[in-house]
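Naming: A, B, ... by sequence-line order, numbering from 1 per chain.
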2 protein chains.
Amino acid sequence: MTTSGSDGHRRAHTGRRRNEEARQAILDAALRLLTTARHDGGPTVDVIAHEAGVGKQTIYRWWQSKGAVLLEALTDWSDSLVPVPDTGSLREDLCTYLAHTFRRAGEPATAAVLRTLAAEAARDPGTAELFRQFTQTRRDALHAIVRRGRERGELGPELDLDLLVDQAYGLFWYRFLLGHGPLNQETAVRLTDALTCQ
Amino acid sequence: MTTSGSDGHRRAHTGRRRNEEARQAILDAALRLLTTARHDGGPTVDVIAHEAGVGKQTIYRWWQSKGAVLLEALTDWSDSLVPVPDTGSLREDLCTYLAHTFRRAGEPATAAVLRTLAAEAARDPGTAELFRQFTQTRRDALHAIVRRGRERGELGPELDLDLLVDQAYGLFWYRFLLGHGPLNQETAVRLTDALTCQ
DNA sequence: GCGTTATCGAGACCGACAGTTCCGACAAAT
DNA sequence: ATTTGTCGGAACTGTCGGTCTCGATAACGC
């Protein structure tokens with residue numbers, strides 16, 4: 001609608017203190033542009049700034065790079081992305097979590113975000129580190145599921161859980177980015193079977 | 001040593017026909033620059049052209065993008081990269097292949113090449129397609145190993161071999177690019193065990 | 001109250017780099 | 001002998017991440 005900012009009103013100046021509204025406007029704009037399906041690269045800094053009704057300086061004063069903005073927007077958004085189930089059954093928890101993850105990644109908006117972030121991480125070392133931290137939180141979630149399963153005796157006590165987690169997320173990212181194979185619900189089931197040695 | 005071309009002599013002009021020496025010089029320069037450890041992004045087109053003693057036009061006349069040049073250089077080079085073992089034992093073949101793959105990826109030159117190509121593929125859709133083709137040849141190699149194993153009865157006949165292959169290569173690329181976990185010889189053994197359900 | 005100070009939006013500017021276009025030279029094709 | 005396509009070299013364009021400057025504004029410290 002409006003060409004500057006998500007709405008037409010002018011933000012009040014906060015003088016010598018950081019403008020929290022501007023911060024939110026930047027993150028909102030970043031996420032909005034990130035989820036807008038495009039086939040080229042991610043949004044440019046100029047476009048984010050313009051969309052947020054903000055000067056580029058205001059972005060670079062608070063974030064170290066474009067990737068940092070995008071990743072913070074993603075992190076805020078994804079906190080409620082994929083819940084971590086705890087039903088008492090490893091196979092059920094695992095399959096639910098994987099199926100949910102695959103389904104989300106299949107949605108165009110989510111896919112665009114993840115793809116753009118991965119590309120940005122490949123370009124900028126600083127963003128790569130932030131991306132590493134983001135994936136770490138997902139690893140932790142999956143790790144918790146399999147650890148509970150092992151504590152219940154559903155997995156051998158000597159099993160390398162990190163390896164198991166990385167087999168799952170490795171397959172996910174590999175297929176998501178390269179697209180050699182599908183990421184559907186059947187894949188989730190089969191992967192669950194394979195990981196639990198059924 | 002020399003500032004233009006890998007050696008000092010001037011190439012002979014081939015008139016109206018394509019200069020094969022120039023083509024090789026470009027690919028050689030691309031690979032040489034690709035394997036040179038750098039912490040920033042890949043080599044620029046200008047540098048490749050200068051290193052090969054060639055005009056940029058000569059590059060863009062024969063390749064559609066920088067990534068296409070890099071990927072052709074990589075493909076030529078990697079044909080003899082990781083041999084496909086066939087000892088008659090699935091676990092031995094698998095473990096050998098994975099261990100070899102991991103070891104190669106640990107060498108700085110190889111690591112720089114793979115990392116740069118992955119970044120380039122993330123940036124440019126055309127290069128992404130070529131990268132997909134490259135990884136497909138590696139998938140095929142691993143697929144052949146497990147297919148032979150299944151034919152010998154070392155795997156269940158209903159197993160999804162594509163899934164198995166993608167678990168392996170997924171873990172490889174995930175750890176290679178993100179670095180959450182190691183890619184050492186023990187990892188190869190453990191992964192082999194996991195994939196063959198030992 | 002009043003000078004100081006930090007942030008704000010806006011825009012000019014810089015440097016890197018992918019990709020294009022032009023040029024004179026050259027030899028094969030015709 | 002003329003035409004044609006490539007070659008090396010270089011200037012040029014456009015995009016984009018990131019920096020710098022500027023006037024306006026209001027909180028902060030005295």
### Nucleic acid contacts - residues 127-134 of chain A versus DNA chain D, non-hydrogen atoms under 4.0 Å
none

### Task
Go through the side-chain N and O atoms of Thr187(A) and Asn184(A) and say whether any donor and acceptor fall under 3.5 Å apart.
yes

### Message
Suppose we screen for side chain to side chain donor-acceptor pair (under 3.5 Å). Which residues come up paired with Arg104(B), at least two apart in sequence or across chains?
### Response
Glu107(B)

### Query
Which residues satisfy the side chain to side chain donor-acceptor pair (under 3.5 Å) test with His143(B), sequence neighbours excluded?
Asp162(B)

### Task
For Thr96(A), enumerate each residue passing the side-chain contact (heavy atoms from CB on, under 4.5 Å) test, keeping only those at least two apart in sequence or located in another chain.
Pro85(A), Glu92(A)

### Task
Scan Trp63(A) against the nucleic acid and name what it touches under 4.0 Å (heavy atoms): base, sugar-phosphate only, or nothing.
nothing

Sequence neighbours excluded and cut-off under 3.5 Å, please list the side-chain donor-acceptor pairs for residues 68-76 of chain B, or say none.
from	atom 1	to	atom 2	distance (Å)
Glu72(B)	OE1	Trp63(B)	NE1	2.8
Glu72(B)	OE2	Arg23(B)	NH2	2.9
Thr75(B)	OG1	Leu71(B)	O	2.7

### Query
Does the side chain of Arg11(A) get closer than 4.0 angstrom to OP1 or OP2 of dG9(C) through an N or O atom?
yes

### Message
In whole Å, I'd like the distance from the CZ atom of Arg18(B) to the P atom of dC7(D).
### Response
7 Å

#### Entry: Between dG19(C) (C1') and Leu70(B) (CG): distance, integer Å
15 Å

Using the 3.5 Å cut-off, write out each protein N or O paired with an N or O of nucleotides 23-30 of chain D and the distance between them.
from	atom 1	to	atom 2	distance (Å)
dC28(D)	OP1	Arg17(A)	NE	3.3
dC28(D)	OP1	Arg17(A)	NH1	3.3
dC28(D)	O4'	Arg16(A)	NE	3.4
dC28(D)	O4'	Arg16(A)	NH2	2.8
dC28(D)	O3'	Arg16(A)	NH2	3.2

### Query
CZ of Arg23(B) versus P of dG8(D): gap in Å, rounded?
14 Å

### Message
What is the distance, to the nearest angstrom, from the CD1 atom on Ile59(A) to the C1' atom on dT7(C)?
### Response
15 Å

## Note on the structure
Taken in chain and number order and not counting sequence neighbours, the residues that satisfy side chain to side chain donor-acceptor pair (under 3.5 Å) with Arg147(A) are none

#### Entry: Spacing between Glu20(B) atom CD and dT6(D) atom P, to the nearest angstrom
14 Å

### Message
Whether Trp62(A) contacts dA6(C) is assessed here as follows: a side-chain N or O lying under 4.0 Å from the phosphate OP1 or OP2. Is that the case?
### Response
no

### Query
Can you name the side chain to side chain donor-acceptor pair (under 3.5 Å) partners of Gln24(A), sequence neighbours left out?
none

### Task
With sequence neighbours left out, write down each residue that passes ring pair (Phe, Tyr, Trp, His ring centres under 6.0 Å) with Tyr169(B), or none if nothing qualifies.
none

### Message
With a 4.5 Å cut-off on side-chain heavy atoms, are Phe172(B) and Arg138(B) touching?
### Response
no

### Query
Taking protein heavy atoms under 4.0 Å as touching, what does nucleotides 10-20 of chain D look like 5' to 3' if B marks base contact, S marks sugar-phosphate-only contact and - marks none?
------SSBBB

### Task
Using ring pair (Phe, Tyr, Trp, His ring centres under 6.0 Å) as the criterion, list what pairs up with Phe134(A), not counting sequence neighbours.
none

### Task
With sequence neighbours left out, write down each residue that passes side-chain contact (heavy atoms from CB on, under 4.5 Å) with His13(B), or none if nothing qualifies.
none

### Query
Could you state the NE2-C1' distance from His50(A) to dG9(C), rounded to the nearest angstrom?
11 Å

